[in-house]
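We use all heavy atoms of the structure for the numbers below, so side chains are in, but hydrogens, waters and symmetry mates are not. Proteins come first, then strands; the chains are lettered A, B, ... in the order of their sequence lines, and each starts at number 1.
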There are 2 protein chains.
Amino acid sequence: MRERTGTLSQLLELVWALGEDMSGALARDGLTVSRAHLLWELAARGPVTQRVLADAMNVSARTITGLVDGLAQTGFVTREPHPGDRRATLVTFTAKGSAMAESMVSGHAQLAEFLFAGMPRPVYEAFAAGLDHVMERLAEAGAAGKTEEARSR
Amino acid sequence: MRERTGTLSQLLELVWALGEDMSGALARDGLTVSRAHLLWELAARGPVTQRVLADAMNVSARTITGLVDGLAQTGFVTREPHPGDRRATLVTFTAKGSAMAESMVSGHAQLAEFLFAGMPRPVYEAFAAGLDHVMERLAEAGAAGKTEEARSR
DNA sequence: CAAGATAGTGAGCCTCACTCACTATGAGGA
DNA sequence: TCCTCATAGTGAGTGAGGCTCACTATCTTG
């Protein structure tokens, strides 16, 4: 039986490899991870204010301003006036932006197919169950984590 | 059966959650992910030159200079002269640094225990196998991706 | 010994986070 | 109505972590 620490290491390796793969692919499209994340959220919500994006992405309003600046300059989104609230702007896809969002969605699906292709059904099922388990444990740790400072000392 | 795209999403969620957890824990110790990574590599290799760290971490030499600056300033490492090559410096743990490295190792083991605790043996085995599978597929994609990238330039 | 490789760093640039201070606007209560 | 407080967004400034390019000091090798 493989050691648990080894499995965790492998999981972390996967985290890294996945990150590399994604940021590489995004860079080819002239995007960064954060900007892609914004497009992703935007695709899921339709035109929204920057405030909404900030909350969705768990990031400060100022950071959204910067990301939208970049995405607007590279032609993925535009800022449109909010009808009924002159303080707010609606972040809106350009044609290029929505094409990119669609391609991200299909890329996601293709990556999933590719990664799990040829994985025996029972292994897949257990893998998914294992993910559930780990996520749950992690959520617990997060909740308890505030008192759990002792672990790292 | 869960959809593959859903499982991929969950995997990405896990990536994110794991990253949050780790960077939070590290911040409590006055470290960042990159600096901790450097300490980790240093622990695995003993005193080495910055060049070696740059290669190990897949990062430019300049970046290592910055990370070592930070770690030296916060008292985790020192720069020692290399006996036999006066161009080079040996990055070396302070007492604080090696204590931290040890605590990172044991923290890693404890986290592994915690995450997999209560996972039925067969699920664990399949989970590990699934990780293998995904890593392999990703490696393939990476290998193929590089040629693709080269072509598009 | 002259040439070329290598180790490290200064300078300068980018992205992505943050906070703080500020403007403009919206909304609600007296 | 008008005054107050809340909210949306941005300018300014900071810090970490990447990068390249140019440069010094030092090996290494022909």
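Toward the 5′ end of DNA chain D lies the nearest nucleotide of A:R87, the other residue of the pair A:D69 and A:R87 mapping further downstream.
The A:S60 side chain lies nearest to C:dC18 when the options are C:dC18, D:dG18, D:dG9. Nearest to the side chain of A:V59, among D:dG18, C:dC18, C:dT9, sits C:dC18. Taking the side chain of B:D85 as heavy atoms from C-beta on, and the options D:dG9, D:dG18, C:dA7, the nearest nucleotide is C:dA7. Picking from C:dC18, C:dT25, C:dT9 the nucleotide with the shortest atom distance to the side chain of B:A61 gives C:dT9. When distances run from any side-chain atom of B:R51 to the nucleotides C:dA17, C:dT6, C:dG8, the shortest one goes to C:dG8.
For the pair A:D55 CG and D:dG9 P, the interatomic distance rounds to 10 Å; values are reported in whole Å. A straight line from CG of B:N58 to P of D:dG18 spans 11 Å, rounded to a whole angstrom. Atom NE2 of B:H82 is separated from atom C1' of D:dC27 by 12 Å (rounded to the nearest Å). For the pair B:L71 CG and D:dA16 C1', the interatomic distance rounds to 12 Å; values are reported in whole Å. Distance CD (A:Q73) to P (D:dT10): 14 Å, rounded to an integer number of Å. As a whole-Å value, the separation of B:E80 CD from C:dG8 P is 14 Å. Whole-Å rounding puts the A:I64 CD1 to C:dC18 P distance at 9 Å. Rounding to whole angstrom units, CZ of residue B:R35 and C1' of D:dG18 are separated by 14 Å.
Considering only heavy atoms from C-beta on, A:R62 comes within 4.5 Å of A:T65 through its side chain.
Counting distance only, with no hydrogens placed and no angle test, the side-chain atoms of B:R86 and the base atoms of D:dT26 include no donor-acceptor pair under 3.5 Å. Put simply, the side chain of B:R62 and the base of C:dG10 share a donor and an acceptor less than 3.5 Å apart.
Using a 4.0 Å cut-off between charged side-chain N and carboxylate O, B:D69 and B:R79 make a salt bridge.
Phosphate proximity of D:dG18 to B:S34: present, with a side-chain N or O under 4.0 Å from OP1 or OP2. The side chain of B:T49 places no N or O atom within less than 4.0 Å of a non-bridging phosphate oxygen (OP1 or OP2) of C:dA7.
Within 4.0 Å (heavy atoms only), B:T65 reaches at least one base atom of the nucleic acid.
Between the side chain of B:H82 and the main chain of B:V48, no donor-acceptor pair closer than 3.5 Å is present.
Ring planes of A:W40 and A:H108: tilted class, angle from 30 to 60°.
Nearest heavy-atom pair across A:S34 and A:L67 is CB-CD2, 3.8 Å.
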